Amino acid sequence: MNSTDTLARQRICSLLDEKSFMEIGALVTARSTDFNLGAMEAPSDGVITGYGLIEGSLVFVYSQDASVLNGTIGEMHGKKITAIYDMAMKMRAPVIGLLDCAGIRLQESVDALHALGGIYAKQVEASGIVPQICGIFGTCGGGLSVVPALSDFTYLESDSSVFVNSPNAIPGNTKAKCDTSGAEYQSSHSGFVDGTGSSQEILSQIRELVCMLPENRESGGTPENCGDDLNRACIGLEASRGDTGLMLRQISDESLFIETKKDFAREMVTGFLKLNGMTIGAVANCTERFDEEGNKAEQYEAALTVRGLKKAAEFVKFCDDFRIPVLSLTNTEGYAAASCSEKGLAKAMAGLVRAFSQATVSKVNVLIGNAYGSAYVLMNSKAIGADLVYAWDTGKIGMMDAKLAAKIMYEKESAAVIEEKAKEYEALQSSVLSAARRGYVDLVIAPEDTRKYAVAAFEMLYTKRMEGDIRKR
């Protein structure tokens, strides 16, 4: 097969702007001659590397070529990828890896393992400097599975396989019983998959994401032109309180919202929207999902989970690294109660507290429903560093539901007394007005004005600078 006809090259051409790809290292080939490797044809040593444009913006890309030695990683293969990383960091441009690899090249053994380690090291070095995106086509197994896990965003072709141990190697399992390597399983359970689909679908998703992200840490938070009405009222927004992905789309410029890790911890929504032309990261509690016909398809508790907390914390850290402001939508009543999650819940809670507290970017919180107990505190409250907090006039904020609080405080009293005390407790301790009087809420707003106030908040916070901005974690 001629190298110009390979899927690896076709993927690059589909990803980048037409005729913008410039190849680097096209003549590199394997150096090793052990086990007759020198007699095998290995153009580009199984990986095509170079740079090009996506909507006019510079990106660096590598695409593994399964038609050459099954796309296996050898010494020179790894060096080509690390060289692309070096150039991307110099030029402060994103790196996109298109993976299709049968693993480590056995003929090169230790040299190949060292090359894989070199890729890991470059990914860690580039973390927080330039965005890293992976698309997986075909196989991504063993040690190579660390590469997408180290990336900021990962997309899987529907027929691809991602695994550390193959399904049949797991005691008590077979691929037919539970395909732990499949795109459906990985997107729901691994926590590093952002989307799945056909080859063309995920390449389109990558292009869309690149257009939303800053090119590097220094360019984060830079606004573009906005053609949408900044004061646009979002009539009926309250109806989307449960499905916050839908709500974020409604308040965004031109209804643009890109959800990340969308099949993982679906009770927590993370993603990017535009407000006044500026990319904003969003973290939102979710209690229901609607399908394309507007019918309720899924429902969840208004509770924080271990997976949801970890998903949110990782996303906030990314936004902070790349100076992307964060908007949170809070509607939570506590934590998921289950023995399987209890062992990891406190640690996950601490992770989200740390992420919000350490983030030096602009942070705005909107209380869109109930905000009870320490779960409310975790979701970007004033106490852990929110710059501005708004609350819908229909919301509630406090320790717990007023009736439950009254039952605890007056457990020996009659139902009538408990009802009376519940009303009193709600007025004194659970209303958004009570929280506003104490300074924990900056303004009580109508739901339809959410976009207007969010736009104004981030516009005011645009010049926010803190000493910790120079810290790179």
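All of these numbers come straight from a predicted model, not from anything done at the bench.
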Q: Is a donor from one side chain sitting under 3.5 angstrom from an acceptor on the other, for Asn365 and Ser328?
A: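 Yes, a side-chain donor-acceptor pair sits under 3.5 Å.
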
Q: Is the shortest heavy-atom distance from the side chain of Glu201 to the side chain of Gln205 under 4.5 Å?
A: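 With C-beta onward as the side chain, the pair touches.
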
Q: Please tell me whether Glu267 and Thr305 have a donor and an acceptor in their side chains that are separated by less than 3.5 angstrom.
A: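 Yes, a side-chain donor-acceptor pair sits under 3.5 Å.
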
Q: Could you tell me whether the side chains of Ser181 and Asp179 share a donor-acceptor contact shorter than 3.5 Å?
A: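 Side-chain D/A pair, Ser181 to Asp179: present.
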
Q: Considering only NZ, NE, NH1 and NH2 on the basic side and carboxylate oxygens on the acidic side, decide whether Arg289 and Glu259 come within less than 4.0 Å.
A: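 Salt bridge flag = yes for Glu259 with Arg289.
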
Q: Given salt bridge (Lys or Arg N to Asp or Glu O under 4.0 Å), test Asp17 with Arg207 step by step and report yes or no.
A: CA-CA 10 Å; Asp17 295 349; Arg207 281 183 62 91; 3.1 Å; yes

Q: Can you confirm whether the side chains of Thr260 and Thr270 place a donor and an acceptor under 3.5 Å from each other?
A: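 Their side chains do contain a donor-acceptor pair, which is all the 3.5 Å distance test asks for.
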
Q: Would you mind checking if Arg92 and Glu215 are paired as a salt bridge, meaning a charged N to carboxylate O distance below 4.0 Å?
A: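 Salt bridge: no.
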
Q: Counting heavy atoms not belonging to Arg354, are there more than 12 under 6.0 Å from its CZ?
A: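 Incorrect, the count does not exceed 12.
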
Q: Is Asp194 salt-bridged to Lys261, cutoff N-O under 4.0 Å?
A: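 Between Lys261 and Asp194 there is a salt bridge, with a charged N closer than 4.0 Å to a carboxylate O.
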
Q: For Lys310, does the NZ atom sit with more than 12 other heavy atoms under 6.0 Å from it, leaving out its own atoms?
A: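 Counting other residues, nucleotides and ligands, NZ of Lys310 stays at 12 neighbours or fewer.
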
Q: Under 3.5 Å, is there a donor on one side chain and an acceptor on the other for Tyr85 and Gln132?
A: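 Checked: Tyr85/Gln132 side chains pair up, N/O donor to acceptor below 3.5 Å.
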
